[in-house]
There are 2 protein chains.
Amino acid sequence: MTSQSRQKKILDLLETNGEVSTTRLVTELSASDMTIRRDLNHMAAQGLILRTHGGAMKVDLLVHKQKFENKAAANLAAKDIICQLAAEQIREGDTIFMDCGSTVFRLCHFIRNKRIKVITNSLPVVVELSNTVVSLNIIGGEFDHDRQAVHGVMAKEHILRYRASIAFLGVDGVSAKGLFANTELEASITLAFAARARTTYLLCDASKIDREAYFKFADLSLIQNLITDRNGPHLASIRKKGINVITPEAK
Amino acid sequence: MTSQSRQKKILDLLETNGEVSTTRLVTELSASDMTIRRDLNHMAAQGLILRTHGGAMKVDLLVHKQKFENKAAANLAAKDIICQLAAEQIREGDTIFMDCGSTVFRLCHFIRNKRIKVITNSLPVVVELSNTVVSLNIIGGEFDHDRQAVHGVMAKEHILRYRASIAFLGVDGVSAKGLFANTELEASITLAFAARARTTYLLCDASKIDREAYFKFADLSLIQNLITDRNGPHLASIRKKGINVITPEAK
DNA sequence: ACATATTCGAACAAAATCGAACATTCTATT
DNA sequence: AATAGAATGTTCGATTTTGTTCGAATATGT
């Protein structure tokens with residue numbers, strides 16, 4: 001066995017186990033401890049592995065966690081309830097649009113192991129799903145640092161070339177009068193998603209209900225379903241408009 | 001037995017076993033060790049196999065499989081030298097293309113505070129620059145988990161709609177014969193970048209020089225400049241082709 | 001804190017592999 | 001058959017890799 005193939009096997013073992021001991025490598029690769037140690041040190045010098053006492057570890061993922069996740073921590077319980085319900089709407093093989101926004105982002109945790117295709121303009125979503133079985137399609141265009149997402153003309157054009165079974169949308173406010181956003185950029189993307197999806201789900205915690213933000217960009221009829229965390233009378237006017245409202249209680 | 005049939009058998013053995021030792025080839029092919037070694041070296045020069053001490057390995061075993069994170073950490077010093085030089089080529093207000101690949105990725109550290117626009121298909125680059133003053137344009141399309149970058153038809157179309165002053169390119173191998181890549185996907189993106197940039201810089205550590213990988217996708221004339229970490233006679237043939245070679249020593 | 005057990009790396013020794021140079025064999029052509 | 005040119009084999013010193021020993025450094029258990 002050559003040193004290269006040994007080192008490759010060490011990498012493989014690390015990939016599956018996360019860490020390995022020198023002694024295990026000695027028996028597994030039938031080489032002397034000194035040889036293993038030399039291999040390990042060599043690879044560590046190249047940054048391929050993380051050397052530890054008695055063995056080695058996998059180097060930590062390069063992609064570090066986003067500040068975004070802090071924002072996402074707000075109302076986590078409510079978002080989890082919503083996303084749990086949202087995830088149940090997805091079937092294997094589906095292609096889904098994922099809007100930007102912290103509520104939709106939380107959906108990532110519930111779909112990591114689904115064999116689906118996700119089309120999104122949200123960087124946090126991409127990062128979160130980049131090492132999963134989920135097949136990803138990234139919407140291209142100008143990157144908006146504030147919103148950590150891609151917006152603009154190119155993005156819209158990109159979306160219009162695809163079709164999806166479901167769109168999971170986020171907004172800044174919703175009432176019987178329609179959907180509200182804080183920027184036109186986000187609004188135009190949301191509209192594009194809705195136009196190209198067979199079914200649309202608006203994910204929205206209670207705080208957004210009946211809130212009328214900066215400007216209205218669409219009628220309520222743009223969406224077919226609203227998923228939110230609490231049932232109650234505040235949803236009556238929306239239900240009356242023919243929207244299918246999904247809540248945990250109503251399940 | 002001709003050398004061709006021998007080399008074919010070597011490839012077959014590698015295909016099934018992943019690796020093979022010189023001694024085994026000596027008995028298996030009933031040829032002298034020197035002959036085997038000559039075959040091996042010849043094939044390695046063509047990039048057909050990966051030469052090791054005492055034998056050879058399949059190419060994609062080591063090159064293909066290596067995860068991006070690992071590659072990023074390897075040869076960090078060389079990459080830093082290269083990227084330092086690369087960053088000096090950039091002027092405020094420039095629009096630059098950044099290819100995927102670990103060497104180009106390292107350039108992020110040196111441009112965080114420049115007021116420039118970056119157009120890229122590499123997720124690590126996006127993440128790294130997502131909270132800087134750099135203006136980002138993300139190339140959209142199918143996301144390739146292995147390479148942590150966007151490839152495919154959409155990506156190519158996207159690129160062709162923009163123009164940039166500089167393209168920073170990465171390859172898997174370069175020699176006087178041209179540029180080499182391990183996958184067609186990466187190659188087509190690199191070509192698109194080059195086509196739409198006023199000036200092209202190939203960033204390439206010494207290990208990639210004179211390495212002829214899986215397949216050649218462009219002549220050397222595709223690029224105008226090569227930035228590498230060490231000066232030396234191995235660059236002569238490339239210089240002779242009219243490429244401006246930039247090294248720290250020549251500075 | 002102390003003792004015990006592991007692990008580490010430097011130094012040296014042994015083995016395998018390497019490539020240059022030269023000798024030999026094979027092959028195609030005259 | 002003669003001969004040039006290419007491929008192959010052989011020899012041998014240089015290089016690389018691997019193994020061993022042993023004192024120092026580092027973890028672990030009491």
Side-chain angles (χ1 to χ4, degrees), chain A residues 1-14 17-60, chain B residues 1-14 17-59 61-63 66 70 73-75 77-78 175 205-212 230 232-234 236-237:
Chain A
M1 168 154 356
T2 68
S3 74
Q4 279 88 342
S5 64
R6 244 200 337 268
Q7 298 190 12
K8 156 128 183 49
K9 284 187 183 158
I10 293 176
L11 277 181
D12 284 348
L13 279 169
L14 278 178
N17 297 15
E19 58 177 325
V20 275
S21 67
T22 314
T23 47
R24 180 176 165 195
L25 288 171
V26 167
T27 58
E28 199 107 354
L29 306 176
S30 49
S32 75
D33 55 347
M34 195 59 220
T35 300
I36 296 297
R37 239 176 276 130
R38 274 192 273 246
D39 284 341
L40 256 33
N41 290 347
H42 185 239
M43 291 196 284
Q46 288 190 298
L48 292 170
I49 61 169
L50 222 63
R51 189 73 160 86
T52 64
H53 252 264
M57 291 180 66
K58 216 163 90 172
V59 296
D60 273 330
Chain B
M1 171 159 343
T2 69
S3 74
Q4 277 86 348
S5 65
R6 242 196 343 265
Q7 298 193 11
K8 163 107 181 55
K9 284 190 181 163
I10 293 176
L11 279 181
D12 286 347
L13 277 169
L14 277 178
N17 296 19
E19 61 172 320
V20 69
S21 69
T22 314
T23 47
R24 179 174 166 196
L25 287 172
V26 167
T27 58
E28 199 105 356
L29 306 177
S30 49
S32 75
D33 54 349
M34 196 59 223
T35 301
I36 297 297
R37 240 177 276 131
R38 275 192 271 246
D39 284 342
L40 256 34
N41 289 349
H42 186 239
M43 293 198 284
Q46 290 187 298
L48 292 171
I49 62 168
L50 218 66
R51 188 72 159 88
T52 66
H53 252 264
M57 294 181 70
K58 228 164 89 174
V59 177
L61 259 187
L62 208 72
V63 182
Q66 244 184 30
N70 296 342
N75 273 330
S175 78
D205 62 58
S207 70
K208 304 265 178 68
I209 309 271
D210 277 331
R211 181 158 135 202
E212 301 179 354
R230 276 209 320 269
H234 61 301
S237 61

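Every chain is numbered from 1 and lettered A, B, ... according to where its sequence line falls, protein lines coming before strand lines.
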For A31(A) and I36(A), work out which heavy atoms get closest and say how close. CB-CD1, 4.2 Å
Of all the nucleotides listed ([options]), which has the minimum atom distance to the side chain of [X]?
X: H53(A); options: dT8(D), dC8(C), dT17(C); value: dC8(C)
X: R37(B); options: dG9(C), dC18(C), dG9(D); value: dC18(C)
X: N41(A); options: dT20(D), dC8(C), dG9(C); value: dG9(C)
X: D33(B); options: dG9(D), dG19(D), dT10(D); value: dT10(D)

How long is the line joining [atom1] of [X] and [atom2] of [N], in whole Å?
X: I36(A); N: dT7(C); atom1: CD1; atom2: P; result: 13 Å
X: R38(B); N: dA6(D); atom1: CZ; atom2: C1'; result: 11 Å
X: L40(A); N: dC8(C); atom1: CG; atom2: P; result: 8 Å
X: Q7(B); N: dA7(D); atom1: CD; atom2: P; result: 11 Å
X: L25(B); N: dT8(D); atom1: CG; atom2: P; result: 14 Å
X: D39(A); N: dG9(C); atom1: CG; atom2: C1'; result: 15 Å
X: M34(B); N: dT10(D); atom1: CE; atom2: C1'; result: 11 Å
X: M1(A); N: dA15(C); atom1: CE; atom2: C1'; result: 17 Å

OP1 or OP2 of [N] under 4.0 Å from side-chain N/O of [X]:
X: S32(A); N: dT18(D); result: no
X: T22(B); N: dC18(C); result: yes
X: R6(B); N: dA7(D); result: no
X: R51(B); N: dT16(D); result: no

So what does T52(B) hit on the nucleic acid, given a heavy-atom distance under 4.0 Å: a base, only sugar-phosphate, or nothing?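 Answer is sugar-phosphate: T52(B) comes under 4.0 Å of backbone atoms only.
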Compare all side-chain heavy atoms of Q7(B) with those of H42(B) and state whether any distance is below 4.5 angstrom. yes
Should L40(A) and L25(A) count as side-chain neighbours, where that means a heavy-atom distance under 4.5 Å? yes
Hey, which of K8(B), K58(B), E28(B) is the one that makes side-chain contact (heavy atoms from CB on, under 4.5 Å) with L13(B)? E28(B)
Do any N or O atoms from the side chain of T27(A) and from the backbone of R24(A) form a donor-acceptor pair under 3.5 angstrom?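 Pair found, side chain donor or acceptor close to backbone of R24(A).
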